[in-house]
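Inspection log for the structure reproduced underneath, given as structure tokens.
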Amino acid sequence: MSNLIVKERDIVIPGDILAEGMDYLPGDNTYREGDKIFSKILGLTGVAGRVIRITPLSGPYVPKVGDKIIGKVTDMTMTSFRVDTGTAYSAMLNIRDATTRFVRSDEDMSRILNIGEYIVVKITKVTSQNLIDLSMKEPGLHKVIGGRIIKINSQKVPRVIGKQGSMINLIKNKTGCNITVGQNGFVWIKGTPENELLVTKAIKLIEEKSHQEGLTEKVDAFLGDIKAPEGSVVTEE
Amino acid sequence: MAYTKRVDGRKFDELRPMEAKAGIIPNADGSAYFKIGKTTAYAAVYGPRELYPRFLQNPKKGVLRCHYSMMPFSGSGERIRPGSNRRAQEISMVMANALNPVVDLSAFPNAVVDVFVELPQTDAGTRCAAISAAAIALADAGIPMKDMVCSVAVGQVDGAVVADLCYDEEAYDAIVSDIPVAMTHNSKEITLLQMDGEISKDDLIKALELAKVSLEQVYQLQQKTLRERFSSE
């Protein structure tokens, strides 16, 4: 007879027993020992059918194929750029994936990207040793020009974006700033300097109160009734 | 039995009052403080991050590094020279050994997780407070862990088996022994066991049984601390 010890969306700590018996299966961030399933991380439980998984409440960014991230070019080799991803692992962006145009073999690579520049990229490959390959050849992937970059905890990224982008679109429409959120926790904000500062504060607020309810209303109240500057165009998420 | 009443009036199996809080250092990836009596430990976790020099890297799994440090005026005696010394290096090593069995860094090859523990005030039992604080901080940092580690000191003062010795008891003018113990919570594996002084075989067994009971209290506090960290108020 199997029995589930935790409820949906319970806070569990490492080593907590989640379920007894073989009818349940260990999902993400859990492990089985004997006939019990244990938690491996501090997080919230989720039960989907027979699978128990845990959504972490904190922790490092784990690179996944298909994620859109923001990185910083830190080095150049003969054929590629090394990109800092804000994690323990740097990524490689091959020059063929950096631009759609033809690059001559004797061309100066810094004409395409330069050291110190930020880029919005997509992860195309991750190996078991966490070596990361990137691409910049899809629509919406580009070099970061102007604005500012801030860093937040990557586990809070879903809250900053909100359901179907509700949170991010609220901030965008109110302040007239363009905001790009990378899954690794880097956020690019571009607008008027005052509003960029306001957005920074709003995002820090979300990060701080991420586990509370009614966050969109709180952010709405925080931004007050400011108007987006005349002629500012924001792209919807 | 000569030692019939403890110097601070506690029962023989009673721990000093404990207090803990997680997430106290904003710049760290995870942090906690753990206070037991007059001993306070602050733990900060950074990482996983790149490990240099490169020869220290392990391509199979991440490395856990611990740094233990007592602050200059933390003790009740003379000023301590700040920074690392032989004692701090040893305690850093035993801390890493105590935490390594539960920390699962297989997802972070070639990387390092750093744990820094500072003790602004000390009154015996510092390595135990450091380990208990570090375990909370590691969990707060979202590092995968199979289990929690709790730690407390037990010992014998002039024939009486006691839990959580304070400095006055460690320095008691009789035969005294001080045994710091760290244990995983579910599997009850001992990950730290050291001893200073003398103890009989029977008393040692009694002391270790007492440690099990005392560690449960430490675990209850660690669990409460971590649950409160993210509970919506």
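Chain letters run A, B, ... following the sequence lines, proteins first, then strands; residues in each count from 1. Heavy-atom basis, side chains included; hydrogens, waters and symmetry copies ignored.
More than 12 heavy atoms of other residues, nucleotides or ligands shown are found within 6.0 angstrom of NZ on A:Lys151. No more than 12 heavy atoms of other residues, nucleotides or ligands lie within 6.0 Å of NZ in B:Lys21, so this atom counts as exposed by the packing criterion. More than 12 heavy atoms of other residues, nucleotides or ligands sit less than 6.0 Å from atom NZ of B:Lys188. Atom NZ of A:Lys204 is surrounded by more than 12 heavy atoms from other residues, nucleotides or ligands within 6.0 Å. The environment of OH in B:Tyr167 is sparse: at most 12 heavy-atom neighbours from other residues, nucleotides or ligands sit within 6.0 Å. Atom NZ of B:Lys35 sits in a sparse spot, with 12 or fewer heavy atoms from other residues, nucleotides or ligands closer than 6.0 Å.
Options B:Arg229, B:Gln223, B:His185 differ in how many heavy-atom pairs under 4.5 Å they form with chain A, and the most are formed by B:Gln223. When each of A:Ile41, A:Leu57, A:Asn29 is scored by its heavy-atom pairs under 4.5 Å with chain B, the top score falls to A:Leu57. Most heavy-atom pairs under 4.5 Å with chain B: of the set A:Ser128, A:Gly59, A:Ser90, this distinction falls to A:Gly59.
A distance-only check finds no donor-acceptor pair linking the side chain of A:Tyr89 to the backbone of B:Asn110 [under 3.5 Å].
Here the shortest heavy-atom pairing between A:Pro14 and B:Met148 reads O-CG, 3.5 Å. Nearest heavy-atom pair, A:Pro60 versus B:Phe108, reported as atom, atom and distance to 0.1 Å: CG-CZ, 3.7 Å.
For B:Asn186, the part lying under 4.5 angstrom from a heavy atom of chain A is the side chain only. Interface remark: B:Ala111 contributes backbone and side-chain atoms alike to the contact with chain A (heavy atom separation under 4.5 Å). No part of A:Ser210 comes within reach of chain B, as not one of its non-hydrogen atoms sits under 4.5 angstrom from that chain. Heavy atoms closer than 4.5 Å to chain A are found nowhere in B:Ala135, neither backbone nor side chain.
Side-chain atoms of A:Gln129 and B:Pro59, non-hydrogen and from C-beta on, do get closer than 4.5 Å to each other. Proximity of A:Phe38 to B:Lys146: side-chain heavy atoms (C-beta onward) are nowhere separated by under 4.5 Å.
In this structure, CZ in B:Phe230 is found 4.5 Å from OG in A:Ser58, a value given to the nearest 0.5 Å. Here the CG-OH distance, from B:Asp104 to A:Tyr31, works out to 9.5 Å after rounding to the nearest 0.5 Å.
A salt bridge does not link A:Lys40 with B:Asp147: every distance from a Lys NZ or Arg NE/NH1/NH2 to an Asp or Glu carboxylate oxygen is 4.0 Å or more.
For the side chain to side chain contact (heavy atoms under 4.5 Å, CB included) with B:Arg227, the qualifying choice from A:Leu42, A:Asp16, A:Asp10 is A:Asp16, the only one to do so.
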